[in-house]
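So you know, we letter chains A, B, ... as the sequences are listed, proteins then strands, and number each from 1. Any value given below was found using the heavy atoms of this structure, including those in side chains, with hydrogens, waters and symmetry copies removed.
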Amino acid sequence: MLRSHTCGELRAEHVGDETTIIGWINAIRDHGGLRFVDLRDRYGCIQVTVSPDSLAGQSLDSLRSEQVLQVKGKVEARPDGMKNPRLDTGDVEVVAITATIIGDCPPLPFDPSGGDQVNEELRFQYRFIDMRRDEVRQRFQLRSDLQHAIRCHLHKQDFIDLETPILTKSTPEGARDFLVPSRLNPGEFYALPQSPQIFKQIFMVAGFDRYMQVVRCFRDEDLRADRQPEFTQLDIEMACVEESDVIALIEGLVVDVIRTVTGKEVATPFPSFSYADAMQRYGTDSPDLRSDLELVDVSDLVSQLGFKVFSSAIEEGGSVRAIRVPGGGAWSRKQIESLEDVVKNQGAGGLAWFKRTEDGTAGSISRFLQGEASSQLLDRVCMEVGDLCCLVADRSNKVVNGSLSFLRKELAIRLEQIEPGALEFCWVKEFPLFVEDEASGRPTPCHHPFTAPHPDDLERLEDEPLTVRALAYDLVLNGFEVAGGSIRIHQRELQERVFEAIGLNQEEAQEKFSFLLDALRYGAPPHGGIALGLDRLAMVLAGVDSIREMIAFPKTQRGTCLLTGAPGQVSGEQLSEVGLQLEESEPDESS
RNA sequence: GGGGACGUAGCUCAACUGGUUAGAGUACCGGCCUGUCGAGCCGGUUGUUGCGGGUUCGAGUCCCGUCGUCCUCGCCA
């Protein structure tokens, strides 16, 4: 070893010992003859003193931040009054006998002590420097601890960790696939997996009745703060289970690993909503329960108020819904009207509002608030004096829900309801099995085509497919979807009925999913599972608001890697080996 | 594909309604300094204002285009 100790481990008990340490120069305080050098590694930071008195005839110039320095010296107690209680190693210091720059470093492209304030572009371009920072190191330590705790927990419960292919087959539906050309089969392509869905079901047929894998997944879709084209899932599948078994397993797992990595206690069972309830009360299928604000449907009451925006929205099949803002009556007109942008961004025409005052109501729609309907409205929304009520009306319930769920988020922030460090889980269940595809008008799977229909709704599968609920469930944390799963179809006949409902005939289904359909014929047990977005969970636990912070080498919004420059061009030879030719990229002359 | 924000010294930012030689902190370089821990003191260097075009007597500032990063809608079974 080139070192005898790490920079974080020296304590008073080491005083008098000889030591050799290696670390990065965190800071230098130069007093002329005497220099203090803070040497840092993964484990901590220690003060080294370098002076002509201590150095064995060596002269040492040009020390600079982030050089890698090897110091041989003696551990000494710091003089009284010179100890640093903010450092774990602050009772001692290393007096250098020799000091050698073993990894030089030019002036830095950015100041690592600048925290997350530094331009993200630079941080990710020089990620090796960025990752030396404490905050960043701690995030990756947390992520590692999380994965370790998950594996321990599941290992103890008899789960087997199995791997699935990265080079696999493109399947229709779902997200866009990343494609990989096949040299041995010119003109044909592998796809990178969007998830190991079918493979894990095949494991169930094989009898590996408790499977887990921490696995990379790939989806070629546009990026977001919480979405990367490659991301990591904790993938789980279990045989001989019902929905409640999967839910119980995940609650136990999540509570255990969060306790292990953060020390926090999370109460179970988690609150649970049907999809319909979640949409009704929060306007979204991933409600953030850190806020207790709820939406209230007032369509039936406001249709009689004589306010045309409301009545015409309802006549056209839409709705009017409200959010009560406790204490919002104190907000200025300007503050309230700034909320309008939030709902307009989601397609709403505008924001209606009123305050309840001592002597009635005030605000944009108060002149319509008269009579019985008006007092019923105040009652239903539970308006008290000093409250504000925000309303959105639209012919599309989707717009009403969407805009109010965004408004709810904004209100929660303004009301300071979002407590730092809070972890509010909930389940959302009974998703629709299908949603209507806007282009074709055809039912298309809401989750994926192997999701089991709710047994109570089976008879409507052919005639009213859009009303059939699924045995599907999402786990939501602080408004982020962190896991999603379902009970799967394990009978080939039912699977064929579902394919039929989404417009896949037997031949097409056979062609696309023969490997699964065949497996289902050869003794498939009932099974179900879930996949948990590990980067996202880690992101919430770390208290950061970008998934990129939890990925060592993340992609930019345009899908490029700032460190490597990927994606890049390849040679003509490489292309021809895989039987590909690039289209001429000619300037667009469509004028 | 749509909407929005940003781009000024290595870094973080400033520069009013267009107006003198584009500033500050920090980093960097030089000098002083043997008990600092955000060390201190003195001095100094650093700019294609992302790029290209336009309007103007005059553009960091206004307009058009373009590139990059971020947020967001669509998209993400």
Side-chain angles (χ1 to χ4, degrees), chain A residues 26-40 45-54 62 64-66 76 78-87 89-90 93 95 106-126 129 171-177 194-195 197-198 217-229 231 341-342 344-347 398-399 402-403 406 431-435 437-439 443-451 470 472 481 484 486 498 502 512-513 531 533 545-546 548 554-558 560 562:
Chain A
N26 205 44
I28 305 157
R29 292 174 294 282
D30 189 343
H31 288 240
L34 174 68
R35 276 176 290 184
F36 297 100
V37 177
D38 291 342
L39 215 54
R40 180 206 70 234
C45 190
I46 184 154
Q47 173 165 284
V48 175
T49 64
V50 181
S51 75
D53 308 344
S54 66
S62 68
R64 175 188 278 159
S65 287
E66 299 305 316
E76 293 192 2
R78 292 206 197 181
D80 281 341
M82 307 299 166
K83 300 186 194 311
N84 185 346
R86 293 202 307 276
L87 273 182
T89 60
E93 62 193 358
V95 178
L108 295 165
F110 65 92
D111 180 5
S113 67
D116 288 345
Q117 301 310 311
V118 176
N119 189 344
E120 211 179 282
E121 218 171 326
L122 270 173
R123 288 179 50 211
F124 290 148
Q125 187 182 345
Y126 295 94
I129 296 171
T171 51
E173 323 208 29
R176 193 176 294 111
D177 284 321
Q194 297 176 25
S195 84
Q197 181 60 36
I198 292 175
C217 301
F218 306 86
R219 294 177 190 176
D220 189 4
E221 298 291 347
D222 285 1
L223 287 80
R224 287 286 186 283
D226 63 348
R227 257 166 40 194
Q228 282 272 302
F231 60 99
D341 293 339
V342 177
K344 278 188 170 168
N345 271 337
Q346 302 305 314
K398 203 174 156 190
V399 167
S403 51
F406 275 81
F431 278 82
L433 186 61
F434 306 115
V435 291
D437 182 66
E438 281 180 22
T444 174
C446 185
H447 187 51
H448 57 58
F450 319 114
T451 302
E481 181 195 328
S486 63
V498 169
I502 59 175
K512 286 168 175 164
F513 301 112
D545 49 19
S546 163
R548 294 184 296 280
K555 304 282 190 291
T556 68
Q557 197 159 44
R558 287 191 56 239
T560 64
L562 291 168

Quiz item: When you measure from the side chain of A:Arg548, which nucleotide among B:C75, B:C70, B:U36 comes out closest?
Solution: B:C70
Quiz item: In whole angstroms, how far is the C1' atom of B:G68 from the CG atom of A:Leu562?
Solution: 9 Å
Quiz item: Does the side chain of A:Gln557 get closer than 4.0 angstrom to OP1 or OP2 of B:C71 through an N or O atom?
Solution: yes
Quiz item: Donor-acceptor pair under 3.5 Å: do we get one between A:Arg227's side chain and the base of B:C75?
Solution: yes
Quiz item: Below 3.5 Å, does any donor atom in the side chain of A:Asn84 face an acceptor in the base of B:U36, or the other way round?
Solution: no
Exercise. Once you apply the 3.5 Å cut-off to both distances, tell me the Watson-Crick or G-U wobble partner of B:A59, or none.
Key: none
Quiz item: Does B:U66 pair with anything, Watson-Crick or G-U wobble, both distances under 3.5 Å, and if so, with which nucleotide?
Solution: B:G50
Exercise. Answer yes or no: does a side-chain N or O of A:Thr556 lie under 4.0 Å from OP1 or OP2 of B:U69?
Key: yes
Quiz item: So which nucleotide from B:C73, B:C71, B:C37 ends up closest to the side chain of A:Ala225?
Solution: B:C71
Self-check item: B:A24: pairing nucleotide in any strand, Watson-Crick or G-U under 3.5 angstrom
Solution: B:U12
Quiz item: Which listed nucleotide (B:C76, B:C73, B:C33) is nearest to the side chain of A:Asp30?
Solution: B:C33
Exercise. Tell me whether the OP1 or OP2 atom of B:G68 has a side-chain N or O from A:Arg558 closer than 4.0 Å.
Key: yes
Exercise. Nearest whole angstrom, please: distance from the C1' of B:C76 to the CZ of A:Phe218.
Key: 16 Å
Quiz item: Donor-acceptor pair under 3.5 Å: do we get one between A:Asp38's side chain and the base of B:C37?
Solution: no
Quiz item: Any donor-acceptor pair under 3.5 Å joining the side chain of A:Glu93 to the base of B:G35?
Solution: yes
Practice problem: Give a yes/no answer on whether the side chain of A:Arg123 brings an N or O atom under 4.0 Å of OP1 or OP2 in B:U69. | Solution: no
Quiz item: Does A:Arg29 have a side-chain nitrogen or oxygen under 4.0 Å from the phosphate oxygens OP1 or OP2 of B:U36?
Solution: no
Self-check item: Listed nucleotide nearest any side-chain atom of A:Arg224, set B:U34, B:C71, B:G74
Solution: B:G74
Quiz item: How long is the line joining CD of A:Glu66 and P of B:C28, in whole Å?
Solution: 11 Å
Quiz item: With distance as the sole criterion, do the side chain of A:Arg35 and the base of B:G35 form a donor-acceptor contact below 3.5 Å?
Solution: no
Quiz item: Distance check: side-chain N/O of A:Arg176 vs OP1/OP2 of B:G74, anything under 4.0 Å?
Solution: no
Quiz item: Is the ring centre of A:His31 under 5.5 Å from the base ring centre of B:A39, and are the two planes under 30° apart, so that they stack?
Solution: yes
Quiz item: Do the side-chain N or O atoms of A:Ser62 get closer than 4.0 angstrom to the phosphate oxygens (OP1, OP2) of B:C29?
Solution: no
Nucleotide N/O to protein N/O under 3.5 Å, stretch nucleotides 11-15 of chain B:
unit_1 : atom_1 : unit_2   : atom_2 : d
B:U12  : OP1    : A:Asn119 : N      : 2.9

Quiz prompt | Nucleotide nearest A:Thr560 (side chain, heavy atoms from C-beta), chosen from B:C37, B:C70, B:U69 | solution = B:U69
Quiz prompt | P gap between B:C42 and B:C62, integer Å | solution = 39 Å
Practice problem: Tell me the partner of B:A39, counting only Watson-Crick (N1-N3 plus N6-O4 or O6-N4) or G-U wobble (N1-O2 and O6-N3) with both under 3.5 Å; none if nothing fits. | Solution: none
